[in-house]
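Here the structure is laid out as structure tokens; the discussion comes afterwards.
Counting begins at 1 with the first residue of the sequence.
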Amino acid sequence: MSKEMQELQKQWHLMMQTIHTNSNVVSFMNSRVGQYLDDHPFVALSLLVFIAVSAIPVAFFLIFVISTTIVACMGVVVLEGVVISVGGIALLCVLCGLGVLSLAVSGVLSICYIALSTLINYWHTPNSLVKKQEANGNSLLQSSPPVLDPSNKNTKSE
């Protein structure tokens, strides 16, 4: 057992020698913090234990932050796509409704125009027609109103 312990002690001293000869460790040990920790080993051990124990929660927190950031970015893209899609569908529905409404309004206006022009043609008979009827002996009150015939080329219609 003692040979194994001596071998383990040699390996430990070799590893410590490698660490102490590292340039980064030498520059840290020459700094004020390194000298303070070298003079106060309990503080150095407490700091080392704290860093080792807090590495796992810090790693979990960083993984959580990175994953939520990625999910939030993807969520914004998905949410923006959904909003644009819903907006596009709503715009399409509004435009279709406006198209139907414009067809209905133009139909109503066309019917009103035709009805008004027909009424005006019935009420406003030309003076030459009245004079011809009086000359023939027919009064305007006894005859029925003239019927508009689209095939008749002699009558003027609007």
Side-chain angles (χ1 to χ4, degrees), residues 1-126 145-158:
M1 236 354 165
S2 65
K3 279 186 167 184
E4 290 176 358
M5 274 307 255
Q6 287 176 353
E7 189 65 34
L8 186 61
Q9 194 175 22
K10 284 181 185 178
Q11 287 179 355
W12 178 258
H13 283 294
L14 183 63
M15 185 178 70
M16 291 303 289
Q17 187 66 26
T18 306
I19 290 173
H20 283 295
T21 58
N22 189 347
S23 62
N24 292 330
V25 174
V26 171
S27 65
F28 176 74
M29 291 307 286
N30 288 335
S31 70
R32 296 181 91 184
V33 176
Q35 289 174 358
Y36 179 81
L37 290 176
D38 192 32
D39 291 339
H40 300 89
F42 181 75
V43 174
L45 182 63
S46 298
L47 186 63
L48 181 66
V49 169
F50 175 75
I51 290 172
V53 171
S54 66
I56 293 173
V58 169
F60 280 139
F61 178 74
L62 290 176
I63 289 170
F64 174 74
V65 167
I66 291 170
S67 63
T68 54
T69 302
I70 291 170
V71 168
C73 289
M74 292 172 62
V76 166
V77 170
V78 168
L79 182 66
E80 187 174 340
V82 167
V83 167
I84 289 173
S85 297
V86 168
I89 291 170
L91 178 65
L92 181 65
C93 291
V94 167
L95 290 178
C96 288
L98 287 175
V100 169
L101 183 68
S102 66
L103 285 174
V105 167
S106 65
V108 167
L109 290 176
S110 297
I111 291 171
C112 288
Y113 174 75
I114 292 170
L116 284 175
S117 65
T118 304
L119 284 175
I120 289 173
N121 283 339
Y122 276 130
W123 287 336
H124 181 272
T125 52
V147 177
L148 291 179
D149 186 13
S151 64
N152 191 359
K153 305 282 186 200
N154 294 335
T155 58
K156 182 179 177 184
S157 66
E158 293 182 15

Straight-line distance of N121 CG to L116 CG, nearest 0.5 Å: 11.0 Å
Between atom CD of Q17 and atom CH2 of W12, what is the distance when rounded to the nearest 0.5 Å? 13.5 Å
Interatomic distance, CD1@I19 vs CG@N24, rounded to 0.5 Å, equals 12.5 Å
Pairwise side-chain contact, V25 with M29, heavy-atom cut-off 4.5 Å (strictly under): yes
Check: T21 and V26 side chains under 4.5 Å, non-hydrogen atoms: no
What distance separates F60 CZ from I56 CD1, expressed to the nearest 0.5 Å? 7.0 Å
Going from CG on L98 to CG on L103, what distance comes out if it is rounded to the nearest 0.5 angstrom? 11.0 Å
Atom CE of residue position M74 - does it have more than 12 heavy atoms of other residues, nucleotides or ligands inside 6.0 Å? no
Atom OG in S46, atom CD1 in I51: separation rounded to 0.5 Å? 11.0 Å
Side chains of T68 and F64, heavy atoms from C-beta outward: is any pair under 4.5 Å? yes
